[in-house]
Amino acid sequence: MSATTLVWPPLPLREWSATRDTLHMWTQIVGKTRLALAPMVNHWWQVPLYVSARGLTTSWMPYGTSGFSVEFDFDHGLEIQRDDGRTFTMKLAPRSVADFYAAYMAGLHSLGLEVHIWPVPSEIANPVRFTEDDTHASYDAAAAHDFWRALTQASRVLAIFRGRFIGKASPVHFFWGSFDLACTRFNGARAPQHPGGIPGLPDWATREAYSHACISAGWWPGALGSPLEEPVFYAYAYPEPVGCPTATIQPAAGYYHDVMHEWILPYEAVRASTDPDGAVLDFFQSTYEAAATLGAWDRAALERDAHSLHK
């Protein structure tokens, strides 16, 4: 097994799609806990999960004058930790979304945590209530572990890229609605009103997310039936400046997707590269430079002097 395979694991979507879709629903249930409890932050930054040394975590959430966290451990359990030392754990194994939801809510209740969430998936066309979803019930432990390892690598490189920017930038965070890892840069300007229309997401919520001009970069595992049926790195701008589809970007495997209105770099192209980190950073940097230049961003005021990174 090559060093690249160990660091950047293979993640062929068709081999773990059922697990991917089940995990999507499970992370929504946990993510909606954070949505219910965390104080509002611009662009909904209070709701994502974060990559951890074990999997994905909510981080600490307030509950009255105390708090708790929830963590997916892809070795393979879910743990709720109260800050008074009490814990609840449940095994991650093949089980329906309805069963997971019932066990998770019972776990919260056992710790004295009464949390009310809207039990319907977000950003999903034709959603099925969590309490009624017996279709999604797969859990391939090895695939889930590889998914987490891919997230750690994407998160690590996104953090390096984020460090090059001194303007307003989001954390590197995992949005459970869209099931992707993202980091977003802003130039401070208000954006035109977003047209909305995202399935399963109210337009007012979308407009909060895209209230200001931004350039976003991230990683997504893909989804069967979508325009991208493979894991990819992506980048896009909102509003999108004229000229993005024909802009020159790096590396050669990167391209502009006319349906998604995003630049795409296939994950497999990164795994095949002799310098995976360099390929991803070149993609993020070249797409940012294209969008920022075409969008007339004040790059001198927003970007860190490259020489200062080595002082």
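Bear in mind the structure is a predicted one, so any value in this text is a computation, not a measurement.
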task: Apply the test side-chain contact (heavy atoms from CB on, under 4.5 Å) to residues Asp277 and Arg156: give CA-CA distance (whole Å), side-chain angles for both, the deciding distance (0.1 Å), then the verdict.
output: CA-CA 9 Å; Asp277 285 22; Arg156 179 179 60 81; 2.7 Å; yes
Chi angles and distances behind the side-chain contact (heavy atoms from CB on, under 4.5 Å) call for Tyr101, Arg95: CA-CA 10 Å; Tyr101 178 81; Arg95 65 195 306 171; over 6 Å; no
Stepwise ring-ring contact (aromatic ring centres under 6.0 Å, His included) check, Phe147 with Phe179: CA-CA 12 Å; Phe147 167 62; Phe179 206 62; 5.3 Å; yes
field: Least distance between heavy atoms, Phe88 atom then Ser110 atom
entry: CD1-OG, 3.9 Å
- prompt: For Arg20 and Ala223, which heavy atoms make the closest approach, and how far apart are they?
  reply: NH2-CB, 3.6 Å
task: Flag the pair Tyr288 / Glu303 as yes when at least one side-chain heavy-atom distance between them is below 4.5 Å, and no otherwise.
output: yes
- prompt: Got more than 12 heavy atoms from elsewhere within 6.0 Å of CH2, Trp60?
  reply: yes
- request: For the residue pair His261 and Tyr256, categorise the inter-ring angle as parallel (less than 30°), tilted (30 to 60°) or perpendicular (more than 60°).
  value: perpendicular
- prompt: Which atom pair, heavy atoms only, marks the closest approach of Val172 to Tyr50?
  reply: O-CD2, 3.8 Å
query: Looking at side-chain heavy atoms only, is the closest gap between Pro39 and Pro62 below 4.5 Å?
result: yes
task: Please find out if less than 6.0 Å separates the ring center of His257 from that of Tyr234.
output: no
message: Does any part of the side chain of Thr57, heavy atoms only, come nearer than 4.5 Å to the side chain of Val70, both counted from C-beta?
response: no
task: Flag the pair His212 / Phe186 as yes when their ring centroid distance falls below 6.0 Å, and as no otherwise.
output: no
- request: Locate the shortest heavy-atom distance separating Leu201 from Ala205; write the atom from each residue and the value.
  value: CD1-CB, 4.0 Å
field: Crowding at CG, Asn126 (>12 non-hydrogen neighbours, <6.0 Å)
entry: no
task: Given side-chain contact (heavy atoms from CB on, under 4.5 Å), test Glu114 with Tyr63 step by step and report yes or no.
output: CA-CA 9 Å; Glu114 304 303 329; Tyr63 185 81; 3.8 Å; yes
message: Classify the ring geometry of Tyr139 against Phe74: parallel below 30°, tilted from 30° to 60°, perpendicular beyond 60°.
response: parallel
message: For a side-chain contact (heavy atoms from CB on, under 4.5 Å) check, start with the C-alpha distance between Ser170 and His43, then their side-chain angles and the critical distance, and finish with the verdict.
response: CA-CA 9 Å; Ser170 77; His43 317 297; over 6 Å; no
Val280 side chain reached by Trp8 side chain, heavy atoms, under 4.5 Å: yes
query: How close do Arg149 and Thr152 get, heavy atom to heavy atom, and via which atoms?
result: O-OG1, 2.6 Å
field: Shortest non-hydrogen contact from Phe72 toward Trp26
entry: CZ-O, 3.6 Å
field: side-chain contact (heavy atoms from CB on, under 4.5 Å) partner of Arg86, chosen from Leu113, Leu111, Ile80
entry: Leu111
query: Would you call Ser226 and Trp220 a side-chain contact if the rule is heavy atoms closer than 4.5 Å?
result: yes
message: Can you confirm whether Trp16 sits close enough to Leu11 that some side-chain heavy atom of one is under 4.5 Å from a side-chain heavy atom of the other?
response: yes
- prompt: Linking I/L/V/M/F/W/Y whenever their side-chain heavy atoms sit closer than 4.5 Å, directly or via other members, would Val115 and Met90 fall into one cluster?
  reply: yes
- prompt: Hey, mind stepping through Tyr210 and Tyr238 against ring-ring contact (aromatic ring centres under 6.0 Å, His included) and telling me if it holds?
  reply: CA-CA 7 Å; Tyr210 292 101; Tyr238 183 78; 5.5 Å; yes
query: In terms of the angle between their ring planes, are Tyr267 and Trp219 parallel, tilted or perpendicular, with boundaries placed at 30° and 60°?
result: perpendicular
NZ or CZ of Arg185 within 45° of Phe161 ring axis and under 6.0 Å: yes
- prompt: Heavy-atom distance under 4.5 Å between the side chains of Leu92 and Phe100, does that happen here?
  reply: yes
Val128 vs Thr135 side-chain heavy atoms within contact, under 4.5 Å: no
